[in-house]
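Have a look at the structure below, then the notes.
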Amino acid sequence: MKRAAAAVLLAMLLPGVALAQPVRIGVIAPFSGAFADYGQQFDVGIKAFQKIHGDTVAGRKVEVVLRDTGGPSPEIAKRLAQELAVRGNVDILAGFGLTPEALAVADVATQAKKPMVIFNAATSIITTRSPYIVRTSMTLPQVSAPLGTWAARNGIKRVVTLVADYGPGSDAEAAFRKTFTAGGGAVVESLRTPLQNPDFGPFVQRVKDAKPDAVFIFVPSGEQSIAVMKAYRERGLAQVGIKAIGTGDVTDDHVLDALGEAALGMITTGHYSAAHDSPENKAFLQAVAEVAPRSGRPNFMAVGAYDGMAAIYELIRRSPPGPIDADAAMAILKTFKATSPRGPIAIDPDTRDIVQDIYVRRVEKRGSDLWNVEFDRIERVKDPGKER
Ligand code: PHB
């Protein structure tokens, strides 16, 4: 209100001068603690977007404020969202790396009437928790279902599933199981691991003892993927012929090189690979190298933030000057389409989730580095999680 009053006053004092109000985006994510990478990847994606597209759209300055949950911490995420929405004057809430934090903020978005743009958190149900949520990342069912189909068609008959024991893990497990068993495969055991699991050794040993053809893995990207692949290597699963397959989270570009040779040949399904061959991805990687030269290779979370910013810029471009009206904003966001660094994307107006191509990738060595090399693509995949 105060900003609006000041703008009116200035307009009276300075007739003829265009006074477009800035748009403020409050980005909530872990920027410290075990999941600090998530916030940092968002920051890299936002900066890369603004490097290419500028920090002004339709004459309005776009201001980004970052808030650290240090999470996973739903309570802190909720408090930060309340502060930003009420006193912090933000027009849009954004970020959200972890499902529990996104779920905790959904009610704040509804009550404060703020669009909430999710850059990562990927449990299917999240977008149903507020009409003001839109998601520019993925859902776990969206990436896991195609892998079940692929595995059944490619000689894998018996699988043990190993997933983190929270929303995204149960989504991944259910979606994989559905398509894999429909294709004639059998899930012989389903293991769940704590969200922050220090040692995967005992779980991976149980996989080994079950003697499946493959282990299907979802763990949140970063430290957890490094830890699970370490146990896979140490327990010698590859040597006894048990393949590792999983969602792109496990071979996340930002940590892929740290997984080492154990990841070589691993098949994953995902929505973004830094190896994706397109002019948009080249421009994105170039911008990241310029804005964050020491941050290493960006991953799917940086792209989720980049595309989230693209959606927000489109919203600003098509909005009248003045405060952002949440209902009008959602009507615009529901029609968002773009060619992302990952490929073509669009928001599904029915679910406010993203429709995108899902790629089947193999970890290969190119020079001295590991890459997720895309070799197959399922076009325009919607979130199948809403169909269960
Ligand atoms: C989530 O908590 O929703 C989440 C976190 C990390 C991932 C995927 C999903 O890699």
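All residue numbers in this chain count up from 1 along the given sequence. We count ligands from 1, going down the list as the structure has it; atoms in each ligand are counted the same way.
Counted by atom type alone, D383 and S124 present one or more donor-acceptor pairs between their side chains at under 3.5 Å.
Residue contacts with ligand 1 for P168 involve side-chain atoms from C-beta outward but no N, CA, C or O (heavy atoms, distance under 4.0 Å). The proximity of F300 to ligand 1, defined as any non-hydrogen pair under 4.0 Å, is limited to the side chain.
Ring centroids of Y313 and F49 are separated by less than 6.0 Å, placing the two rings close together.
With a 6.0 Å cutoff to the six-membered ring centre and a 45° limit on the axis angle, R342 does not count as a cation-pi contact of F300.
At a threshold of 4.0 Å, the pair E75-R79 does not count as salt-bridged, since none of the basic side-chain nitrogens sits closer than that to a carboxylate oxygen. Of the charged side-chain nitrogens involved, none lies within less than 4.0 Å of a carboxylate oxygen, so that E314 and K337 do not count as a salt-bridged pair.
Proximity to A121 (heavy-atom distance under 4.0 Å) selects the following atoms of ligand 1: 3 (O). When each atom of ligand 1 is checked for a heavy atom of D249 under 4.0 Å away, the hits are 7 (C), 8 (C), 10 (O). Atoms of ligand 1 lying under 4.0 Å from at least one heavy atom of T99, given by number and element, are 1 (C), 2 (O), 3 (O). The atoms of ligand 1 that sit less than 4.0 Å from any heavy atom of Y166 are 1 (C), 2 (O), 4 (C), 5 (C). The distance from ligand 1 to the heavy atoms of Y38 drops below 4.0 Å at these ligand atoms: 5 (C), 6 (C).
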Test side-chain contact (heavy atoms from CB on, under 4.5 Å) applied to I267 and W150, step by step: CA-CA 10 Å; I267 304 291; W150 185 89; 3.7 Å; yes
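By the 3.5 Å distance cut-off applied to N or O atoms, N120 is not counted among the residues near ligand 1. Among the atoms of S221, some N or O lies under 3.5 angstrom from an N or O of ligand 1. Residue A122 has at least one N or O atom closer than 3.5 Å to an N or O atom of ligand 1.
Applying side-chain hydrogen bond (donor to acceptor under 3.5 Å, both in side chains) to R135 and the options D353, N120, T351 leaves one that passes, D353.
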